[in-house]
Amino acid sequence: MRLDRDFFTRNTIIVARELLGKILVLKRDEKIYKGKIVETEAYIKTKDDAAHFHKGITDRTRVVAEEGGHIYIYNIYGMYQCFNIIAEKKGVHGGALIRGIEPIEGIEYMYENRYKKPLNQPKKREIINLTNGPAKFVMAYGINKDEFYGADLVTDDRIWVEDSPKLPREKIIKTTRINIDYAKSKDYLLRFYIKDNPFVSKK
DNA sequence: TCCGAGATTGGCT
DNA sequence: GCCAATCTCGGAT
């Protein structure tokens, strides 16, 4: 069952943590992609200079001002894109970066999108490498900014998040975020991942 | 096989 | 010039 508005319009940190274990579903050309969210990071509205919207909303980040459930995609390092789910009520700024996904359905499509060749006798390492990073699963799903920037996971008919049973507390690891050494907020414990899951980008 | 350094790349500020 | 990243290749294990 699709997560509704009430899931996304809560506090950013709660949304980021509870997204673990949920299923990101994409339907394109009658092809279904499904994957379990295994790693997230929260970017929050106060005292977080690692957040793109820290100094206020710009044209790049305009969707962050929308109500929770919208999709914020940004370009990074010229060649990659990262996928965030906006949280909080309209006008409050916060979002969760999805950093890792475990493929569940449509693995053959993900494999083709990543390696530009059909899936045939894949190595275990190749499967892990499909979706164990924030730009990797975006490439695997074939998501791009032009197509999905600002889309709404609550109402869109191409992409949504499906509910799943709440994870037990001991399966959730809470730690520091990745590659934000430049930020004063680098030591905030705003990264969450599922313990022992191989599709987590970094332990 | 694993790990670190270096190259890659272009929009944003 | 900087950056919510990734790939490749070399040398070490």
Side-chain angles (χ1 to χ4, degrees), chain A residues 8 11-13 15-17 19-20 24 35 37-66 68 70-88 93-103 110-117 122-151 153 173-194 196 198-203:
Chain A
F8 297 107
N11 175 275
T12 303
I13 296 172
V15 171
R17 189 175 66 226
L19 276 170
L20 293 181
L24 180 65
I37 296 171
V38 302
E39 181 181 0
T40 64
E41 284 179 358
Y43 287 82
I44 59 179
K45 61 182 184 293
T46 49
K47 294 185 181 174
D48 184 9
D49 56 326
H52 288 165
F53 46 83
H54 174 60
K55 292 181 192 169
I57 297 293
T58 62
D59 189 52
R60 174 172 72 148
T61 56
R62 66 187 186 278
V63 72
V64 177
E66 294 296 321
H70 288 78
I71 299 173
Y72 167 49
I73 300 178
Y74 64 89
N75 299 320
I76 186 67
Y77 299 112
M79 41 166 78
Y80 302 115
Q81 300 178 84
C82 292
F83 182 100
N84 299 250
I85 297 177
I86 297 309
E88 309 280 355
H93 306 157
L97 170 69
I98 309 302
R99 289 194 53 91
I101 278 189
E102 175 181 336
M110 297 184 193
Y111 191 93
E112 285 196 44
N113 290 341
R114 290 281 283 132
Y115 302 123
K116 307 300 175 196
K117 63 180 184 183
K123 299 184 179 73
K124 190 175 177 185
R125 168 143 206 93
E126 286 184 313
I127 298 301
I128 299 294
N129 193 49
L130 283 178
T131 54
N132 66 334
K136 291 179 185 178
F137 90 83
V138 168
M139 291 187 272
Y141 273 62
I143 290 170
N144 68 73
K145 189 176 157 205
D146 287 344
E147 201 175 351
F148 288 102
Y149 185 97
L153 290 165
I173 306 293
K174 171 182 177 182
T175 184
T176 53
R177 293 172 295 178
I178 302 289
N179 284 341
I180 54 158
D181 287 347
Y182 60 90
K184 293 191 186 72
S185 56
K186 66 187 170 68
D187 294 327
Y188 290 12
L189 301 177
L190 293 178
R191 184 163 72 103
F192 304 94
Y193 66 84
I194 299 179
D196 299 328
F199 293 89
V200 171
S201 69
K202 196 163 180 242
K203 294 290 185 287

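- In this structure, D181(A) contributes its side chain and K186(A) its backbone to no donor-acceptor pair below 3.5 Å.
- Mapping K145(A) and R125(A) onto DNA chain B by nearest heavy atom places R125(A) at the nucleotide closer to the 5' end.
- Annotation: side chain of I98(A) is not in contact with side chain of L24(A) (no heavy-atom distance under 4.5 Å).
- Atom CG of N129(A) is separated from atom C1' of dC7(C) by 9 Å (rounded to the nearest Å).
- A nucleotide of DNA chain B counts as in contact with chain A when one of its atoms lies under 4.0 Å from a heavy atom; the first and last such, 5' to 3', are dT8(B) to dT13(B).
- One interatomic measurement links the two molecules: CD of E41(A) to P of dA5(C), which rounds to 7 Å at whole-angstrom precision.
- For Q81(A) (side chain) and K145(A) (main-chain N/O), a donor-acceptor pair under 3.5 Å exists by modelled atom type.
- Taking atom CD1 on I128(A) and atom C1' on dT6(C), their separation rounds to 17 Å, with Å as the unit.
- When heavy atoms are screened at a 4.0 angstrom cut-off, A50(A) is found touching base atoms of the nucleic acid.
- Within 6.0 Å of NZ on K123(A) lie no more than 12 heavy atoms contributed by other residues, nucleotides or ligands.
- Regarding R99(A), its CZ atom lies at a distance of 7 Å from the P atom of dT6(C), rounded to whole Å.
- When the options K136(A), E39(A), R191(A) are evaluated for a side-chain hydrogen bond (donor to acceptor under 3.5 Å, both in side chains) with S201(A), the one that passes is E39(A).
- Atom CE in M139(A) sits about 12 Å away from atom P in dA5(C), given to the nearest Å.
- If you check every strand for non-hydrogen atoms under 4.0 Å, R114(A) touches sugar and phosphate atoms only.
- If you check residues 51-66 of chain A against DNA chain B, the residues with a heavy atom closer than 4.0 Å are T58(A), R60(A), listed by number.
- In this structure, L19(A) and F192(A) have side chains that are not in contact, with every pair of non-hydrogen atoms separated by 4.5 Å or more.
- Considering only heavy atoms from C-beta on, Y43(A) stays 4.5 Å or farther from T12(A) through its side chain.
- F199(A) pairs with exactly one of I128(A), I194(A), L130(A) by the side-chain contact (heavy atoms from CB on, under 4.5 Å) rule, that one being I128(A).
- For the pair T61(A)/Y72(A), a side-chain contact is recorded, criterion being any heavy-atom separation below 4.5 Å from C-beta on.
- Only one option out of R17(A), R99(A), K202(A), R177(A) pairs with E41(A) in a salt bridge (Lys or Arg N to Asp or Glu O under 4.0 Å); it is R99(A).
- The interatomic distance linking I178(A) (CD1) with dA5(C) (P) rounds to 8 Å, in whole Å.
- Between I37(A) and F137(A) there is no side-chain heavy-atom pair separated by less than 4.5 Å.
- The strand DNA chain C forms stems, runs of 3 or more Watson-Crick or G-U wobble pairs with distances below 3.5 Å, at B:1-8 with C:5-12, B:10-12 with C:1-3.
- Rounded to whole Å, atom P of dC3(C) lies 16 Å from atom CG of L97(A).
- The CD1-P distance, from I76(A) to dT6(C), rounds to 10 Å in whole Å.
- Per the stacking criterion (ring centres < 5.5 Å, plane angle < 30°), Y77(A) stacks onto the base of dA5(C).
- Side-chain atoms of I101(A) and V38(A), non-hydrogen and from C-beta on, never get closer than 4.5 Å to each other.
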